[in-house]
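Below: one structure, written as structure tokens.
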Number of protein chains: 2
Amino acid sequence: MTARPSEPADSGWSASMNVLGDFIRAQRQLAKMSLREMAAMSNVSNAYLSQVERGLHQPSLKVLQSIADALQLSTDQLLKQAGWSTSAGSDGAGPVAQSTEDAIKADPRLSPEQRTALLGVYRSFVGTA
Amino acid sequence: MTARPSEPADSGWSASMNVLGDFIRAQRQLAKMSLREMAAMSNVSNAYLSQVERGLHQPSLKVLQSIADALQLSTDQLLKQAGWSTSAGSDGAGPVAQSTEDAIKADPRLSPEQRTALLGVYRSFVGTA
DNA sequence: TGCAGATGCTCAGTATGGGTAGCAAGTTCC
DNA sequence: GGAACTTGCTACCCATACTGAGCATCTGCA
């Protein structure tokens with residue numbers, strides 16, 4: 001589990017650029033759901049959910065909505081994660097955004113030094129040096 | 001043309017419940033474009049566009065974006081026409097992470113190992129060992 | 001030590017999205 | 001009456017979204 005077997009060669013997309021799938025999986029685990037539970041709630045087969053989370057397939061709108069519903073997310077949030085530009089007005093109101101970086105910056109339990117350190121670690125991970 | 005030959009009997013969907021297709025067709029004609037012109041602009045085949053407009057097929061996100069682009073509409077407008085409720089269920093209590101820890105857990109840019117590591121660092125800082 | 005249940009994943013098949021080629025009907029020009 | 005062009009639509013085909021059944025692994029629990 002959690003092991004990426006081989007990265008299936010892929011067709012053009014730089015291998016591990018699976019934003020949507022990772023996001024869905026993260027949200028599902030956050031909600032403490034198994035694939036089968038989520039499958040039952042969304043009427044999407046657990047097999048397919050697994051593949052979507054691993055980035056092997058690009059789900060349709062219908063499935064995306066079902067997933068959003070099961071996870072109690074807005075479809076917009078999922079669509080943002082799926083590769084769509086939203087073009088119109090970038091974000092504006094877009095509140096929920098909530099990046100990890102922002103969360104760290106806003107965390108009152110961290111001292112300034114700790115904050116800086118944690119941000120450093122995080123950035124080194126995601127390559128936002 | 002513009003004549004509906006026979007309403008293809010249909011399979012369950014109440015025949016003329018084709019909101020998205022009608023909208024697209026209306027917008028296209030408003031822009032005084034032929035199917036083939038629009039096909040050229042959007043890189044979607046005229047054949048498929050025809051079927052989408054007639055409600056015989058449900059286009060994918062990718063196609064929807066291409067169409068929106070050709071028609072100079074925002075993708076949102078088209079998505080609204082496609083049957084999507086934006087629902088988001090109840091919202092409010094929704095997950096999506098409020099704490100730093102949740103943000104880290106939900107961050108799609110982190111690998112499982114990185115996530116664990118970062119959480120470890122964070123917890124060591126705030127004493128939530 | 002077993003077994004039973006849950007987990008995520010894979011394999012094989014079906015349904016549907018989407019493209020290519022070609023059709024019939026309508027214009028315009030000869 | 002043609003061609004030569006456009007229009008929208010359809011028949012055929014392939015790629016991919018999606019499902020169902022089953023596998024392998026990891027727990028409990030006797």
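Proteins come first, then strands; the chains are lettered A, B, ... in the order of their sequence lines, and each starts at number 1. Since the model is a prediction, treat every value here as computed from it, not as a measurement.
Of the candidate nucleotides D:dC18, D:dC9, C:dT10, C:dT10 has the atom lying nearest to any side-chain atom of A:S50. Listed candidates were C:dC9, D:dT19, D:dC18. Nearest to the side chain of A:V63 is D:dC18.
Rounded to an integer number of Å, the gap from A:L61 CG to D:dC18 C1' is 15 Å. Distance, B:L56 CG to D:dT10 C1': 10 Å, rounded to whole Å. Going from atom CZ of A:R25 over to atom P of C:dT7 covers 13 Å, rounded to whole Å. Here the C1' atom of nucleotide C:dC9 and the CG atom of A:N46 are 9 Å apart, to the nearest Å. Atom-to-atom, CG of A:L49 to P of D:dT19 comes out at 8 Å; the value is rounded to the nearest Å. Following rounding to the nearest Å, B:Y48 (OH) and D:dG8 (P) show an atom-to-atom distance of 18 Å. For the pair A:L20 CG and D:dA17 C1', the interatomic distance rounds to 14 Å; values are reported in whole Å.
Of the side-chain N and O atoms in B:S60, one or more sit less than 4.0 angstrom from OP1 or OP2 of C:dG18. In this structure, A:S45 does not reach the D:dC18 phosphate: none of its side-chain N or O atoms is under 4.0 Å from OP1 or OP2. A close approach under 4.0 Å does not occur between any side-chain nitrogen or oxygen of A:H57 and OP1 or OP2 of D:dT16. Checking the phosphate oxygens (OP1, OP2) of D:dG8, a side-chain nitrogen or oxygen of B:R28 falls inside 4.0 Å. Side-chain nitrogen and oxygen atoms of A:R54 include at least one within less than 4.0 Å of the OP1 or OP2 phosphate oxygen of C:dT10.
Within 4.0 Å of B:Q58, counting heavy atoms only, lie sugar-phosphate atoms of the nucleic acid but no base atom.
Toward the 5' end of DNA chain C, the nearer of the two residues A:E53 and B:V52, judged by each one's closest nucleotide, is A:E53.
In plain terms, the two heavy atoms of A:S42 and A:A70 that are nearest each other are CB-CB, 3.9 Å. Across all non-hydrogen atoms, the minimal contact from B:Q58 to B:Y48 is O-OH, 3.7 Å. Nearest heavy atom pair, residue A:P59 against residue A:L64, reads CG-CD1, 3.5 Å.
Of all the residues in residues 32-40 of chain A, A:R36 reach under 4.0 Å from DNA chain D with at least one non-hydrogen atom.
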Decide yes or no on side chain to side chain contact (heavy atoms under 4.5 Å, CB included) for A:N43 and A:S66, but give the supporting numbers first.
-> CA-CA 7 Å; A:N43 286 320; A:S66 303; 5.8 Å; no
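Residue pairs that meet the salt bridge (charged side-chain N to carboxylate O under 4.0 Å, His left out) test with at least one member in residues 26-40 of chain A, sequence neighbours left out, are A:R28-A:E53.
Taking 4.5 Å as the limit, every side-chain heavy atom of B:N46 sits out of range of all side-chain heavy atoms of B:M38.
Applying the side chain to side chain contact (heavy atoms under 4.5 Å, CB included) test between B:L79 and each of A:D76, A:L79, A:T75 identifies A:L79 as the sole match.
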